[in-house]
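Below: one structure, written as structure tokens.
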Amino acid sequence: MFFHNSYFTTHFGNLFFCSKISIFSLFDHQKSPFRYTQISNYVNVYMKWKKDPFFDSILHIHKSAELKPIIQLKNFIVNYPNGCIPISAVSKRGLEFDISIRVARFLRQYPSVFEEFRGEHNLPWFRLTSEAAEIDREEKRVLEECKEDLKDRLRRFVLMSKDKVLPLKIIKGMAWYLGLPERFLDESKGDLLDESFRFVDMEDGLKGLTVESNGEKLLSTMQRNAMKNGVYFGGTLEGIEFPLFPSKGLRLRRKIESWLNEFQKLPYVSPYEDFWHLDPDSDFAEKRVVGMLHELLSLFVEHSAERKKLLCLKKYFGLPQKVHKAFERHPHMFYLSFKNKTCTAILKEAYCGNSSIEKHPMLVVRKKYIRLVKESDWILKNRRINNRFIKHEKLEKGSDIDADSDDRTDIQAEEVSKSFC
């Protein structure tokens, strides 16, 4: 379902929006010499989803869910005394690591990452392979060098929320996407206990994290890129348009294309600004939702996330009930991949041409882990071939032994028959 807006502009002191029978004023903390009268008319147009093989083939996006429990187990082993564990240490903790099969079987599926050996009482033990240990050391170096970058991404994530505070359980649920290491939010470690972050008590007994902005105005990725391109100079948000990347073979119907052109002309709404004055049924509210989804995906490691994970943020980020429709209404900005039996929202801008989206420092490390994980398939395949070869050799030897015994039996039988003759 799409909106179609008609609006007129007149010079005035502040910025006003009128939708249906209500008038709302929007102060951009800048001089905005415009008044908009906005009328929202629904246009029912069905748009078929179009498969894009390019986005469906980005390996580090679609292997991310598989990699997560591997990294969690890797961290558990590294933090264990002597860097190795007996299988009994994790055999009953499958749910904790989000593993649906037996943990021992899971570990044996990745021999390029986890090395099995026999330990005390001849029980199976596991440790990291030398290649996995090397990538782990590189990961630690990257995390230490880019700690400020990670703090900035977390700060932006919290400040996008409607009350500038988020429950720790929400942040921990999105920590994988933000690239935050385990225990990054641990109060005892003091990684976040500086002048800007503060742990607070929230409703329902929840522990939360808030950020002191100190009056500093945050610029979104869209605003920073507009500044680089000479479109935005820190004043009015007119002229900031979302970059569009049409998929090959995807054509918008005329009504949708007309609506999109009008939508692009509307002033950009920063996800860090208050939005209480926006009519939820207006295109300005839609502009804010799209801007927030763009900013969220810009902060993430793979610039993508499972759609159901993003839907969990509705309550705290002031997103509409049907926020998932925004991905469908803007196929030139977002791609929905249904690979691996899940729906993944991907920010197209991060993967098209000379992207102006900053790459996450953890992306290089995760790509190395994924390449290492892929080697497990080759190792297991070789093991199966070798096992078949060994089994075949044993069968051949067995058949030769049987043939020899049969020959000896025949000779003995002949000798016995001769003695009776």
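For the single chain, residues carry numbers from 1 onward in sequence order.
Within 6.0 Å of CZ in R105 there are 12 or fewer heavy atoms belonging to other residues, nucleotides or ligands. Within 6.0 Å of CG on N82 lie no more than 12 heavy atoms contributed by other residues, nucleotides or ligands. In this structure, L123 places its CG atom where more than 12 heavy-atom neighbours from other residues, nucleotides or ligands lie under 6.0 Å away.
Ion pair D98/K68 not flagged as a salt bridge, since none of the NZ, NE, NH1 or NH2 atoms sits closer than 4.0 Å to an Asp/Glu carboxylate oxygen. Using a cut-off of 4.0 Å between Lys/Arg side-chain N and Asp/Glu carboxylate O, K248 and D52 are scored as not salt-bridged. Using a 4.0 Å cut-off between a side-chain N of Lys or Arg and a carboxylate O of Asp or Glu, R254 and E257 do not qualify as a salt bridge. Looking at K265 and E241, no side-chain N of the basic residue comes within less than 4.0 Å of a carboxylate O on the acidic one, giving no salt bridge.
A side-chain donor-acceptor contact under 3.5 Å links Q223 to the backbone of S220. No side-chain donor-acceptor contact under 3.5 Å links S247 to the backbone of L250. No donor-acceptor distance shorter than 3.5 angstrom exists from the side chain of W125 to the backbone of E115, with no hydrogens or angles considered. K164 contributes a side-chain N or O that, together with a main-chain N or O of L159, makes up a donor-acceptor pair within less than 3.5 Å. Using a distance-only test at 3.5 Å, with no hydrogens or angles considered, a donor-acceptor pair links the side chain of N340 to the main chain of H62. Side chain of H360 to main chain of M362: a donor-acceptor pair is present (N/O by atom type, distance under 3.5 Å, no hydrogens or angles).
Taking E144 as the reference, K147 meet the salt bridge (Lys or Arg N to Asp or Glu O under 4.0 Å) condition, with sequence neighbours excluded. Here F126 pairs with nothing under the ring pair (Phe, Tyr, Trp, His ring centres under 6.0 Å) rule; sequence neighbours left out.
The side-chain tip of R127 does not point at the ring of F114 from less than 6.0 angstrom away and within 45° of straight on. At least one test fails for R288 against the ring of W276: distance under 6.0 Å to the centre or angle within 45° of the axis.
Between F317 and F157, a ring centre-to-centre spacing shorter than 6.0 Å is recorded.
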Listing, residues 290-297 side-chain donor-acceptor contacts under 3.5 Å, not counting sequence neighbours, or none:
residue	atom	partner	partner atom	Å
H294	NE2	E349	OE1	2.6
E295	OE1	T221	N	2.9
E295	OE1	T221	OG1	3.2
E295	OE2	Y272	OH	2.7

Please tabulate, for the side chains in residues 71-81, all donor-acceptor contacts under 3.5 angstrom to protein atoms that are two or more places apart in sequence or on a different chain.
residue	atom	partner	partner atom	Å
K74	NZ	D136	OD1	2.8
K74	NZ	E139	OE1	2.7
K74	NZ	Y369	OH	3.3
N75	ND2	I71	O	3.3
N79	ND2	N75	O	3.0

Contacts under 3.5 angstrom, residues 371-378 side chains, donor-acceptor by atom type, not counting sequence neighbours:
residue	atom	partner	partner atom	Å
S376	OG	S112	N	3.3
S376	OG	S112	OG	2.5
S376	OG	V373	O	3.3

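Scanning all heavy atoms of the two residues, the minimum distance from G179 to L150 falls at O-CD2, 3.8 Å. Of all non-hydrogen atoms in P181 and L143, the two that sit nearest each other are CB-CD1, 3.7 Å. Between T210 and V158, the shortest heavy-atom contact is CA-CG1, 4.2 Å. Here the closest heavy-atom approach between residue D56 and residue S337 is recorded as OD1-OG, 2.6 Å.
S304 contributes atom OG, which lies 8.0 Å from atom CD1 of I58 (distance to the nearest 0.5 angstrom). We find the CZ-CE distance between F242 and M222 to be 5.0 Å, quoted to the nearest 0.5 Å.
Aromatic ring orientation, Y351 versus H60: tilted (interplanar angle from 30° to 60°).
Among residues at least two apart or in separate chains, side-chain hydrogen bond (donor to acceptor under 3.5 Å, both in side chains) pairs with a member in residues 306-318 are E306-T342.
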